[in-house]
Amino acid sequence: MKIVLDLAQVLLIVLCAPLVRGIIARGKALLQRRQGASIWRPYAELIKLFRKEELVPPTSSAIFRAAPAVLFGATVCAAAFIPVLHASALMASRGDFFLLVYLLALARFFLSLGALDGGSAFGGMGASREALVSSLAEAPFLLGLAAVAILAHRAELAGIVAWTLEQNVFDISAVHMLALTSLAMVTLAETGRMPVDNPTTHLELTMIHEGMVLEYSGPSLALVEWSAGIKLHLMLALLVALFFPWGMASPNSSWGMAAALLLYFAKLAVLMALVSVIESAMAKLRMYLVPDFLGVASAVSALAVIFTVLVKR
Amino acid sequence: MSAGATGAAFVFLLSVLGLLVPVILMAVRASSARKLAVALILAALFAGCAVAVKGFLGQAVPVLDFSRATPFSFSLAVDPLSAFFLLLVSTVAIPVTLFGGSYFELHQPEPRRRWTWIFYSWFLLSMIVVVTAGTGFAFLAGWELMTLVSAALILVEGDSEERRHNVFIYLLMMHAGAAAVAAAFFLFLPFSHSLNLSAMRTAGAALPGGIRAAIFLSAFVGFGTKAGLIPLHLWLPRAHPLAPSPVSALMSGIMLKTAVYGFVRFTFDFLAGGPSWFGYAVLLAGAVSGLLGVLYAIAEHDLKRLLAYHSVENIGIIYLGLGTSLLFLSNHAPLWASLALIAALLHTFNHALFKSLLFLGAGAISGAAHTIDLEELGGLQRRMPITGTTFLIACCSIVGLPLFNGFISEWLTFRSFLGGSVLTNTKAQIVLPLMIGVLALIGGLAAACFVKVFGVAFLGRPRSAEAERAVEAPVPMRAGTTLLAAACVLIGILPGILLHPLVSLGQALIPGSGVPEETLIIARVIPWTAAIILGVVVIAVLPKRTQRMVATWGCGLSQLTSRMQYTSTAFSKPIRFVFTRVYRQDRKVERLPTDQPYFPVTISYRSVRTTSFEKSLYRPFVESVVWLAQGLRRMQTGNIQAYLLYIFLALVSLLALLRFQQ
């Protein structure tokens, strides 16, 4: 039973990923008083891309074709770490948050290599900028997670979530607020959203992620886009699991499960609305202001770690 | 294998490397002699592996005592710690020798080639002597031989003013370091009846605090020089690129590790930890070396210099683990201390594997494309698929990506940092978890750097005609790199094979420790992760796709050229811009002719990066030494009466001292 539930959680994150992107895009459209596309459009786009033929630059190597698959594999594996409906997941009781973060790094490493294999200037530009953003985002990401893990006395995500569930909602400490702040900033940077990257731009001065995937087409592009969606969904789900897990059910009651599913979508909807508002309200930061943004996130996460000493007793 | 057979294998190892191979090479000049020498070295290394495995499992401790044959007490012994490092030397040297057998034949003319092999053999011997030394004199003899032979290997490769200058700096720093190492040994003498390792271990428990601190500092500085800790790293990016690639692989992959061995031997085995400032000092040195090492590496585009700076970075990561372990020891947390020590030792082994693989890859590149300047490379993956794939595995390993060996040791280091939060000492409780951020930053920057290295050298279009004509390396060279790559993946997916014996080594070095739970967790979780990723990747690539080759769109130009790709320098520009204070670049832009500033005929641009260590740390030190020497020169008048006076004064003062003491 538990294994079925765990697999269902992974499928939930993977299969609902395009929907999350669709809803955010629709939310932005509403805020900008446009009609916007249907929230199901990302699915149609994926299906279309999977059916199309793939164009490959003649100068590229096997890495160019392997990179999207590795990216997808590592991202799906990372999705298996996130507890969604109950305080466990396929890998959550075995693997810890360091493994989760480094799986995302594995995915990014191969995407950057694929970008450089295209042989054009845009791939290199995107990879170079991604290298800057991701190398600076890793420290606040791990420190923010470490702060919560120190409070919970365990490093496995399942353990952290189980510990948080036992706490009272009103006992939220400064550590949690600081960690949430830094992880939310990291989420925006890691998933290439405003104000770090603009997911809708194709202007060479500003693009990061879009620059990297410019040479991809057909099924490869579908895998890349789907992975980006999964990453966005899993980061939001991670925030929910770490900071707002209340409502998760025990695996035995099917009614509890249904309630947990509804509650999860409600929490996710709030986060998606927030992302839409941020994307509509903020301008993209200048490239060299991004390190400052991540520097603030690093400082906040370091404070979170320091404050654990005061909170723990 | 019985104890006698182990001893025989050990003697075989030493005699082949020390005597047989050089004698054969000196006596017979035919190429068959070199083939025989390579085969003998490989056989000896396999014997070394067998001895090491036996010693590692604690089943037999062969002791070879040469004290009667040498003026000093000189013996070799293989206890578990020695055995671990003997295993490291032997296993890593096998693929390197395999690679070298083909590399030296192709890239060195005859008279040099013979000497290279002789010194190569002695270089291996010296490192084996260092890690198996049973007495202080054996250690120091091996240590000195190691320095001299490696310098000889650099000098055999060529002769130029710059090379001699860099070798001079190498020798100078190594001897300063060796003096500190010798001091660390001799400081034991008043308290230990001999410099036998076992006697020093016994004496170590009862040393007064001041002497402990002096021994620790001498060992820290002495071994830190060899390991290349910043600011003692100055020789490293100078010496490594000059040596032929297999020798660079040995120097960076193994020779640096002998320093880690010495430091672990002194601080953990002899001193058994110390006050908490030992730990903080090592932690600080590790953090500074790790961060600055990787930042300097990113700015390089000479592949071997870049890799040399990454050695500094990885030594930093190893020292982060060692410092954490010392800090736990001083806080009486032996279980956590053993976890951090295991992490550091495993990273030592992993770094030996992937760094020698990277240097061998650099050798294969220079053989195929006749340059290791990243700006001249590109598109090699299509031309050298096997070399490229093994190089990619090494890149993933050094970055610490899951499923590769570097991740296992970095993960263990991360977990030991996290363990700092359980301590009762508030300072350690804050500092250790914050180190997670430092290691994460190091890891992130390393990932950026190796995306650059692999992406610029192996992917995209070739940036020069030489790179365009590159062909795959010969079979023995590919065999060497493939073996190392296979080891990286094997340890990365099944870490238990090394972690299990390392846990017992940790128990032997840190009394009162058990089996850290983390070592079991990682061995259990990684195969699952690998299975999931591979499964999903197979599902993703399985559906049949139609593909068409189409040139990349040139934005309206008829064709893209390789000059439109991002270069190594361009790729690292954002990071260099953000960390601009670290680099201190001197830029020179010259426009000629000078009377037409707006219509120059030629513009030359030069940016020189001098590390501030040379200017603000080494320069004043060297100047003060020279000043002191100049002052002392005044004593040397050449006048015989003056010398008689010195002798007389010395005699009088000695007599006075004797009288005074009575």
Side-chain angles (χ1 to χ4, degrees), chain A residues 53-59 61-63 69-70 72-74 76-77 80 91 94-95 98-99 102-103 105-106 109 112-113 116-121 124-125 127-129 131-132 134-139 141-143 146 149-150 155 215 218-219 223 287-288 291 298 301-302 305-306 308-309, chain B residues 379 381-382 385 396 399-403 407 411 414-415 418 421 426 429-430 433-434 436-437 440-441 443-445 447-448 451-452 454-456 459-461 521 524-525 528-529 532-534 536-537 540-541 543 545-552 560 564-566 570-571 573-575 577-578:
Chain A
E53 71 168 349
E54 188 169 348
L55 306 181
V56 181
T59 51
S61 65
I63 305 284
V70 178
F72 187 69
V76 170
C77 187
M91 298 290 289
R94 300 189 180 93
F98 293 112
L99 187 51
Y102 272 81
L103 280 171
L106 175 69
F109 190 81
S112 306
L113 289 184
L116 283 169
D117 208 10
S120 77
M125 191 182 64
S128 162
R129 291 173 178 178
L132 174 71
S134 59
S135 61
L136 296 178
E138 205 140 301
F141 198 173
L142 281 178
L143 279 177
I150 289 171
E215 302 310 328
L223 285 179
M287 184 66 197
Y288 289 117
S298 305
S301 62
V305 168
I306 292 169
T308 55
V309 176
Chain B
Q381 175 69 28
R382 282 169 68 83
C396 293
V399 170
L401 298 177
L403 311 194
F407 175 73
W411 185 87
F414 271 125
R415 285 299 287 260
L418 195 63
S421 63
T426 312
Q429 217 179 0
I430 292 177
L434 281 183
I436 291 173
L441 186 57
L445 290 169
V451 165
K452 175 186 100 166
F454 191 81
V456 172
L459 303 178
R461 296 154 199 271
I521 294 177
R524 222 170 33 222
V525 71
W528 280 101
T529 316
I532 294 182
I533 294 180
L534 286 182
V536 176
V537 167
V541 296
R545 306 181 195 176
T546 47
Q547 288 189 336
R548 189 152 54 94
M549 291 281 181
V550 179
T552 307
L560 289 176
M564 295 170 188
Q565 292 180 105
Y566 254 47
F571 188 93
K573 178 69 191 176
I575 291 175
F577 185 84
V578 171

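Within every chain, numbering begins at 1; the chains are lettered A, B, ... in the order of the sequence lines, protein sequences first and strands thereafter. All values below come from the heavy atoms of this structure, side chains included, with hydrogens, waters and symmetry mates left out.
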Proximity breakdown for P58(A) and chain B, heavy-atom pairs closer than 4.5 Å: both

From OG1 (T59(A)) to CD (Q565(B)), nearest 0.5 Å: 7.5 Å

Pairs of heavy atoms under 4.5 Å with chain A: top-ranked of V541(B), I430(B), V536(B): V536(B)

Side chain to side chain contact (heavy atoms under 4.5 Å, CB included) evaluation trace for V76(A) with I533(B): CA-CA 8 Å; V76(A) 170; I533(B) 294 180; over 6 Å; no

Verdict with reasoning, T529(B) to M91(A), per side chain to side chain contact (heavy atoms under 4.5 Å, CB included): CA-CA 8 Å; T529(B) 316; M91(A) 298 290 289; 3.4 Å; yes

Exam field: side chain S135(A) to backbone L445(B), donor-acceptor pair closer than 3.5 Å: no

Heavy-atom pair of closest approach, residues F109(A) and A447(B): CE1-O, 3.8 Å

Region of R524(B) that comes under 4.5 Å of a non-hydrogen atom in chain A: neither

When S301(A), S112(A), A155(A), S134(A) are compared by non-hydrogen pairs under 4.5 Å with chain B, the top option: A155(A)

Shortest non-hydrogen separation from G437(B) to A139(A) and the atoms involved: O-CB, 3.5 Å

V56(A) vs R548(B), side chain to side chain contact (heavy atoms under 4.5 Å, CB included): CA-CA, chis, key distance, verdict: CA-CA 6 Å; V56(A) 181; R548(B) 189 152 54 94; over 6 Å; no

Intermediate values then yes/no, side chain to side chain contact (heavy atoms under 4.5 Å, CB included), V537(B) and F72(A): CA-CA 7 Å; V537(B) 167; F72(A) 187 69; over 6 Å; no

Largest heavy-atom contact set with chain B, pairs under 4.5 Å, which of G95(A), P219(A), S298(A): P219(A)

Non-hydrogen side-chain atoms of L99(A) and F407(B) separated by less than 4.5 Å: yes

Distance (rounded to the nearest 0.5 Å) between L116(A) CG and Y566(B) OH: 10.5 Å

Proximal component of L55(A), with respect to chain B [non-hydrogen, under 4.5 Å]: both

Whether F414(B) and F98(A) hold their rings parallel, tilted or perpendicular, with breakpoints at 30° and 60°: parallel

Heavy-atom donor-acceptor pair, R461(B) side chain to G119(A) backbone, under 3.5 Å: yes

Engaged part of L223(A) at the chain B interface, taking heavy atoms whose separation is under 4.5 Å: side chain

Separation of L132(A) CG from K573(B) NZ (nearest 0.5 Å): 12.5 Å

Contacting moiety of V578(B), where chain A heavy atoms sit under 4.5 Å: side chain

Top contributor to chain A contacts, counting heavy-atom pairs under 4.5 Å, from V399(B), V456(B), L418(B), L403(B): L418(B)

Part of I521(B) lying under 4.5 Å from any heavy atom of chain A: side chain

Non-hydrogen atoms of A440(B) and L142(A) that approach each other most closely: CB-CD1, 3.6 Å

Smallest separation among heavy atoms of S421(B) and I150(A), with atom names: CB-CG2, 3.6 Å

Pairwise distance CD(Q429(B)) to OG1(T308(A)) - rounded to 0.5 angstrom: 7.0 Å

Interatomic spacing from CZ in R129(A) to CZ in F571(B) - rounded to 0.5 Å: 12.0 Å

Student check: side-chain heavy atoms of P574(B) and Y288(A) closer than 4.5 Å: yes

Exercise: identify the closest heavy-atom pair between I436(B) and A146(A): CD1-CB, 3.7 Å

Main-chain N/O of L459(B) paired to D117(A) side chain as donor or acceptor, under 3.5 Å: no

For L143(A) against P433(B), the heavy-atom pair lying closest together: CD2-O, 3.6 Å

